[in-house]
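So the structure is just underneath, and the comments pick up after that.
Labels below follow one simple rule: chain letters A, B, ... track the order of the sequence lines, proteins then strands, and each chain is numbered from 1.
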Protein chains: 2
Amino acid sequence: MNDAQSRASETSFPRSACPVTNTLDIIGDKWTLLVIRDLLLGKHLYGEMMQSPEGIASNILSNRLQRLEQAGLIVKRPYQSNPVRYEYHLTAKGQDLQPVLQAIVAWARRHVPGVVVFPEVKQDERNEDG
Amino acid sequence: MNDAQSRASETSFPRSACPVTNTLDIIGDKWTLLVIRDLLLGKHLYGEMMQSPEGIASNILSNRLQRLEQAGLIVKRPYQSNPVRYEYHLTAKGQDLQPVLQAIVAWARRHVPGVVVFPEVKQDERNEDG
DNA sequence: CTACTCGCTTGCATATTGCAAGTTATTGTC
DNA sequence: GACAATAACTTGCAATATGCAAGCGAGTAG
C-alpha cells in the first residue's frame, strides 16, 4: 500500500474524503450527467432517454439508472401494469445537481464554440424522497 | 445508423451539440476534475499531484495532463533544464471550471455526509493563454 | 396468427483503467 | 568514482468498462 492509499484508507471513503472525489464516484463518467440532464428536461421513460441525440447504448442506460437509484438520486415507479413498466424521477438529491449542470453549460457556452443549449429546464418537477 | 446517431451527425460534434455532452467529453471521468482541483489548489508538479490522497496511477495522470493540454485547459512549461522538467498551470479556460468544482463541492456538502473540504482555492494564480 | 412495440438483458469485441516495474537524467553520499 | 536516491515519466499486462447488435418477455394491433 502506498502513501496516498494509506492516507485515503484512514477515512471510510473509498478514495478520499474530498467532496469532489465522492461526487465523481457517482457522476464521474460520460453518461450519468446526460441521464440527469434528460430527467431535468422532463424525460421520464427509458425510450425517451434512448432517443436523446448522443445515442446511449441500452445496457449503459440500464446500468446508469440502476446506479442512480442505488445512490438515491432517482426513484423508479410503475406507471402501468401488464406489463409493469416504470418511469424515473429525480429525488431532491438528484435535482440538487442542477447547479452543477448549469455551471457546465455556462462553461461550455464560453469555451466550446457552436454548442446549442437545450430548452429551459422545467421548474415544475415534483420532489421525491429516495 | 440509428435515429439518435443520425441526429448527432447532423452537427460537427462527435456526440451532439449539447454543451453538457461536449464538456463531459473533456472532463467526464473519475480523474480529470481531480487534476484540475489540484491545480486550483496550487499543485503544479507531477509529483505533487501523485501525492494526492486518491492515489492516481502515474500513467493515468500522464494521460490526463496530455489531454488537458490538448484541450487547452492547461499549459506545460519547463521549470528547469538538465534534466528538463515541467510544471503545469491552468489556462483561463481551465480556471473557468472553478464554478463547476464549487457547485460539486456544494452538492457534496449537502448530500454526502462526512466529506472534508480542502483548503481554500488560491486566488493569486496567473492566467496563461493556451 | 403474425407483426410490432416497449423495456430491458445478453454475448462478445474493443477500449480504458489500475497496478507494478522499468527508464532516463541528474544529484547527493561515501 | 561507484552507488543509492529522486523526479518524471513510460511500458507491460491483467482486470474492468464500454459499445454494438441481437435476443427476450409481455403485452397490443390488425
### Whole angstrom value for the distance that separates P of C/dC8 from CG of A/L61
8 Å
### Query
Are the charged groups of B/R37 and B/E54 less than 4.0 angstrom apart, N to O?
yes
### Task
Verify, without hydrogens or angle tests, whether B/Q80 (side chain) and B/P83 (backbone) share a donor-acceptor contact under 3.5 angstrom.
yes
### Task
Mind calculating the distance between CG (A/N59) and C1' (C/dG7) to the nearest angstrom?
13 Å
### Task
Look at the side chain of A/P83 and decide which nucleotide, out of D/dG27, D/dA8, C/dC8, has an atom nearest to it.
D/dG27
### Task
Test for a donor-acceptor pair under 3.5 Å between the base of D/dA8 and the side chain of B/R85, counting only N and O atoms.
no
## Note on the structure
With the side chain defined as heavy atoms from C-beta on, A/D29 is closest, among D/dT18, D/dC9, D/dA21, to D/dT18
### Task
Would you mind reading off the distance between B/Q80 atom CD and D/dT6 atom C1', rounded to a whole angstrom?
11 Å
### Query
Over how many whole Å does the gap from B/H44 atom NE2 to D/dA7 atom P extend?
17 Å
## Note on the structure
In whole angstroms, the gap separating P of C/dC8 from CD1 of A/I56 amounts to 13 Å
### Query
C/dC8 P sits how many Å from A/M50 CE, rounded?
11 Å
### Query
With a distance cut-off below 6.0 Å to the six-membered ring centre and an angular limit of 45° from the axis, does A/K76 pair with A/Y88 as a cation-pi contact?
no
## Note on the structure
When rounded to whole Å, the OH to C1' distance for the pair A/Y79 and D/dA26 reads 13 Å
